[in-house]
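Here the structure comes first, spelled out in structure tokens, and everything after it is commentary.
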Amino acid sequence: MSLPLEGIKVIDYTGVQSGPACSQLMAWLGADVLKVERMHTGDNTRIQLRDIPNADALYFTMVNSNKRSLEIDTKTPEGKAILEDLIRRSDVMVENMAPGALDRQGFTWEHIHELNPRLIFGVVKGFPDGSPFTDVKSYENVAQCAGGNASTTGFWDGPPTVSGAALGDSNTGMHLLIGILAALMQREKTGKGQRVFMSMQEAVLNLCRVKLRDQERLERVGYLEEYPQYPNGTFGDAVPRGGNAGGGGQPGWILKCKGWETDPNAYIYFTIQGSNWVRTAEAVGHPEWAKDPKYATAEARQSHIFEIFADIEKFLADKTKYEAVNHFSKFEVPCSPVLSMKEIKHDAFLQSIGTVVEVPHKVRGSYWTVGCPVKFSSFTPEIKSAPLLGEHTDEVLRELGYTAQKIAELHKKKAVGSTGIDSKSNSKEPVLSTK
């Protein structure tokens, strides 16, 4: 069965994570994604945090699988002509360069739209167009701070804290993909392409919407009853940090389990649902709590919440996190073990459903990475290797109509400012380069 995006041609003019994450998912869904990379080095992440000398880093391979790589210098007339030809033939182009960088190369939205009025142009930047911070370069943690995440994460007596999840990078890429897919559907009706813009700040804020909800409530009533600061603490004029408190009105906390003294992840997250309080009390060995005036209602429990959690930890002292979750699930208590990345990587079930997959690579050998998180009833995306730098350059030139003689001429040009052979590439095929 053909994949949903089969036949869609994508120019991936992106680097690091936000843009590549967007285009990678399009590749998983069948699009022909061509990663256009600069001479000699390509994407910065090819060499960042390397674990094997002279091999592409995992940072690169994990967000660039299923793509092809074209290595050109778009600052040269030859490179610019190649990119313009690609734009005329493509359906989507994605870029996340520094503010103004693509415009300075001559590829403004107006020029791109003139070259191909049907092309969808997806753009990632740190901040919205017209923002006071428009010209600020943004990365993962910059976006997390600007989008409200850091100010509301961590403990109330500590500094703002960023999340380990890529809320600024991959999350922005996923948001952009939604917009691109919507624009492709609209093109089916109108025949016209459009620019789809996604800022990292707005993508983070979209995932922090419950905190904006809390800001609205705080300004109205002056307190937030589900936060640990209530009822005995104080509130300022902004949403505070709540530690591990639940954000949906259901008190929750991370609790120690057997082995926590030596295992930093021997914990579970435990949630108290008001509608399930009777069974929860039974599950933790205190059925009497169900009728105790101190604990019987959510309002009464809040002032004693840490006493409750401390008693539950005593109940958990002889149980591993897996035993604890297995026990509480019988009482319909929402909970989860705190899983380490090691446990996730080696999880046989996650491997069996393609959430964690092993992928071969021409240089580094096989490696483990995330698979497609979306599951479809009619197909399963195949996760393939990330390309070597410039691996498909000649192949792409042939597709553009370049003759063998013309390709050979391009490779022979070695003068400064022209194209030539990149002897530093790890590709097995000749590529174009500036010498």
Side-chain angles (χ1 to χ4, degrees), residues 152-159 161-166 226-230 232-233 241-292 294-298 300-353 355-358 368-370 373:
T152 56
T153 302
F155 284 84
W156 47 90
D157 57 353
T161 305
V162 297
S163 169
E226 76 277 22
Y227 280 64
Q229 291 86 338
Y230 179 86
N232 301 317
R241 292 181 276 283
N244 293 313
Q250 311 293 335
W253 206 252
I254 289 181
L255 304 178
K256 300 173 183 174
C257 292
K258 180 181 178 180
W260 67 270
E261 298 91 343
T262 56
D263 181 356
N265 295 299
Y267 293 80
I268 66 168
Y269 194 87
F270 186 94
T271 309
I272 297 175
Q273 282 187 309
S275 60
N276 195 40
W277 174 240
V278 174
R279 299 200 70 197
T280 301
E282 181 184 357
V284 300
H286 288 283
E288 73 279 5
W289 284 357
K291 296 182 180 180
D292 188 330
K294 288 172 56 179
Y295 303 141
T297 66
R301 284 193 294 275
Q302 187 61 29
S303 59
H304 302 284
I305 196 68
F306 287 111
E307 298 172 26
I308 294 173
F309 288 140
D311 280 336
I312 297 175
E313 279 194 337
K314 295 176 183 177
F315 178 80
L316 294 171
D318 63 347
K319 299 172 181 63
T320 68
K321 61 186 179 184
Y322 297 106
E323 292 170 340
V325 169
N326 181 59
H327 169 74
F328 290 135
S329 66
K330 298 173 183 177
F331 295 86
E332 299 182 317
V333 175
C335 59
S336 171
V338 173
L339 296 178
S340 69
M341 294 311 299
K342 180 179 180 180
E343 289 169 307
I344 289 173
K345 175 186 173 181
H346 296 285
D347 188 299
F349 172 71
L350 294 179
Q351 292 179 9
S352 72
I353 63 173
T355 300
V356 180
V357 296
E358 188 173 18
W368 288 90
T369 186
V370 295

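Sequence positions, counted from 1, serve as the residue numbers for this chain. Everything numeric in this text was worked out from a predicted model, so none of it was measured. Side chains are part of it too, since the values below use all heavy atoms of this structure and drop only hydrogens, waters and symmetry mates.
Closest of all the heavy-atom pairs between Thr320 and Cys257 is C-CB, 4.1 Å. Looking at every heavy atom in both residues, Gly154 comes nearest to Thr161 through CA-OG1, 3.8 Å. In terms of heavy atoms, Glu332 sits closest to Arg279 at OE1-NH1, 3.4 Å. For the pair Ala296 and Lys291, the tightest heavy-atom approach, listed with the atom from each and the gap, is CB-C, 4.4 Å.
With Gln229 contributing its side chain and Arg241 its backbone, the two residues share a donor-acceptor pair below 3.5 Å. Within the 3.5 Å criterion, the main-chain N or O of Tyr227 finds a donor-acceptor partner in the side chain of Gln302. Remark: side-chain polar atoms of Trp277 are paired, donor with acceptor, to backbone N or O of Tyr295 under 3.5 angstrom. Without hydrogens or angle criteria, Glu313 side chain to Lys256 main chain gives a donor-acceptor distance under 3.5 Å.
Taking 4.5 Å as the limit, every side-chain heavy atom of Val333 sits out of range of all side-chain heavy atoms of Val284. At least one side-chain heavy atom of Gln351 sits under 4.5 Å from a side-chain heavy atom of Trp368. For the pair Trp289 and Thr280, the minimum side-chain heavy-atom distance is 4.5 Å or more. Counting heavy atoms from C-beta on, the side chains of Pro228 and Phe155 never come closer than 4.5 Å. Side-chain atoms of Val357 and Thr369, non-hydrogen and from C-beta on, do get closer than 4.5 Å to each other.
Using the six-membered ring where Trp is involved, Phe328 and Phe315 have ring planes that are tilted, between 30° and 60° apart. Aromatic ring orientation, Phe331 versus His327: tilted (interplanar angle from 30° to 60°).
Considering NE2 of His286 and CG of Asp311, their distance stands at 4.5 Å, rounded to 0.5 Å. A distance of 9.0 Å separates OH in Tyr269 from CG in Leu255, rounded to the nearest 0.5 Å. Of the inter-residue distances, the one linking Tyr267 atom OH with Asn244 atom CG reads 10.5 Å to the nearest 0.5 angstrom. Residue Ser303 holds its OG atom at 8.5 Å from OH of Tyr230, rounded to the nearest 0.5 Å. Atoms CD1 and CD, from Ile305 and Glu226 in turn, are 12.0 Å apart once rounded to the nearest 0.5 Å. Atoms NZ and CG, on Lys258 and Leu316 in that order, are 12.5 Å from each other to the nearest 0.5 Å.
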For a quick test of your reading: what N or O donor-acceptor pairs under 3.5 Å do the side chains of residues 343-350 make, sequence neighbours left out?
from: Glu343; atom 1: OE1; to: Lys321; atom 2: NZ; distance (Å): 2.9
from: Glu343; atom 1: OE1; to: Ser340; atom 2: N; distance (Å): 2.8
from: Glu343; atom 1: OE1; to: Ser340; atom 2: OG; distance (Å): 3.2
from: Glu343; atom 1: OE2; to: Lys321; atom 2: NZ; distance (Å): 3.2
from: Glu343; atom 1: OE2; to: Tyr322; atom 2: OH; distance (Å): 2.6
from: Asp347; atom 1: OD1; to: Phe349; atom 2: N; distance (Å): 2.9
from: Asp347; atom 1: OD1; to: Leu350; atom 2: N; distance (Å): 3.0

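In the displayed structure, Lys314 atom NZ is contacted under 6.0 Å by at most 12 heavy atoms of other residues, nucleotides or ligands.
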